[in-house]
Amino acid sequence: MNQTIPASLLELIYLVIEQIPSGQVSTYGEIAQIVGRGSDGRMVGKALASLPKEHQHKVPWQRVINREGVISTGSARQRELLLAEGVPFDAQGRVILARCRWRGPSPKWAAEHMVQTLAEREEGEQLSLF
DNA sequence: GAATTGACGGGGC
DNA sequence: AGCCCCGCCAATT
């Protein structure tokens, strides 16, 4: 049985991902940061790679991409789903994280589920004035 | 038990 | 931008 990551941790990772609103995205690393418990980006990737069929309809796996705004799987399907949600892409096919990055769970939700909120980042992210 | 791998990330150059 | 190296941690070989 490949229940490698404790079921509770897997469920927690899925639970956090379920909080990402449509039209927004997060990264593997940030999900891990929220989950805490010694998890890291690779583990989040592992969790999604082994996402059970019965969870696919409720876990918005497509909203988790890498820090470069690139769809790690290269999946055209994933890209379509994001486009349909209104996620902005640049000319090079990368998600414009500066415009649609999920800010993480509310302090209240985080406290209720014993997870972390995203540390305030002072986005040096240039808001390109197109 | 060691080495490799992976839907990763940060930092340096 | 690109490239490279290192840390991370569980699963697999």
Side-chain angles (χ1 to χ4, degrees):
Chain A
M1 293 122 47
N2 35 32
Q3 196 72 317
T4 64
I5 304 171
S8 58
L9 182 53
L10 265 183
E11 294 302 322
L12 186 55
I13 289 175
Y14 296 148
L15 184 63
V16 170
I17 293 175
E18 284 173 43
Q19 308 309 308
I20 308 174
S22 175
Q24 289 183 39
V25 300
S26 189
T27 67
Y28 299 95
E30 289 193 331
I31 294 300
Q33 191 182 318
I34 293 166
V35 170
R37 308 207 181 18
S39 64
D40 66 1
R42 292 183 190 266
M43 236 178 286
V44 173
K46 256 307 197 187
L48 286 178
S50 59
L51 184 63
K53 262 268 196 240
E54 62 269 25
H55 280 79
Q56 289 187 18
H57 63 91
K58 69 172 193 176
V59 178
W61 54 272
Q62 74 274 20
R63 296 181 194 143
V64 184
I65 58 180
N66 67 30
R67 68 164 176 174
E68 297 176 359
V70 173
I71 291 171
S72 301
T73 58
S75 158
R77 160 103 175 119
Q78 182 169 5
R79 186 191 155 135
E80 288 169 20
L81 288 171
L82 293 177
L83 278 172
E85 295 181 358
V87 171
F89 283 80
D90 65 17
Q92 301 150 52
R94 297 178 318 171
V95 171
I96 304 176
L97 283 168
R99 288 200 211 154
C100 61
R101 187 200 293 278
W102 180 44
R103 298 296 179 173
S106 68
K108 183 179 191 299
W109 191 92
E112 289 174 350
H113 297 271
M114 310 220 306
V115 297
Q116 308 300 119
T117 54
L118 245 31
E120 291 304 329
R121 57 174 68 216
E122 61 218 77
E123 308 295 352
E125 304 196 56
Q126 53 218 6
L127 0 155
S128 56
L129 324 169
F130 60 105

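These figures come from a predicted structure and were not determined experimentally. Naming convention: chains lettered A, B, ... in sequence-line order (proteins, then strands); numbering from 1 in each chain. Note that these values count all heavy atoms, side chains included, but never hydrogens, waters or copies made by symmetry.
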Point to revise | side chain to side chain contact (heavy atoms under 4.5 Å, CB included) partners for Glu112(A), two or more places apart | key: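 If we apply the side chain to side chain contact (heavy atoms under 4.5 Å, CB included) test to Glu112(A), skipping adjacent residues, the hits are Lys108(A).
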
Practice item. Would you classify Arg37(A) as touching base, sugar-phosphate or nothing, given that sugar-phosphate means primed atoms plus P, OP1 and OP2, and contacts are heavy atoms under 4.0 Å? Key: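 Nothing, no nucleic acid heavy atom in range.
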
Just the rounded figure in Å: distance from [atom2] of [N] to [atom1] of [X].
X        : N       : atom1 : atom2 : value
Gln33(A) : dC9(C)  : CD    : P     : 14 Å
Glu68(A) : dG10(B) : CD    : P     : 10 Å
Leu10(A) : dC9(C)  : CG    : P     : 17 Å

Practice item. For Glu18(A), check salt bridge (Lys or Arg N to Asp or Glu O under 4.0 Å) against everything at least two apart and list the hits. Key: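 For Glu18(A) there are no salt bridge (Lys or Arg N to Asp or Glu O under 4.0 Å) partners, ignoring immediate neighbours.
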
Practice item. Measure the shortest side-chain to side-chain distance between Ser72(A) and Ile65(A) over non-hydrogen atoms and say whether it is less than 4.5 angstrom. Key: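 Not in contact.
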
**Study point:** side chain to side chain donor-acceptor pair (under 3.5 Å) against Ser22(A), all qualifying residues, sequence neighbours excluded
**Key:**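 With neighbours one apart ignored, the set is empty.
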
Review point. Where does DNA chain C form stems of at least three consecutive Watson-Crick or G-U wobble pairs, each pair having both distances below 3.5 Å?
Key: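 Runs of three or more consecutive pairs: B:2-6 with C:9-13, B:8-13 with C:2-7.
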
Check your understanding: If the C1' atom of dT12(C) is compared with that of dG1(B), how far apart are they to the nearest Å?
Key ->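 One C1' to the other, the span is 13 Å.
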
Exercise for review: Summarise protein proximity over nucleotides 3-8 of chain C in one line of letters, 5' to 3': B for base, S for sugar-phosphate only, - for none, counting protein heavy atoms closer than 4.0 Å.
Suggested key: ----BB

Review point. Which of residues 78-93 of chain A sit near DNA chain B, with a heavy atom under 4.0 Å from it?
Key: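 When residues 78-93 of chain A is checked for heavy atoms under 4.0 Å from DNA chain B, there are no hits whatsoever.
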
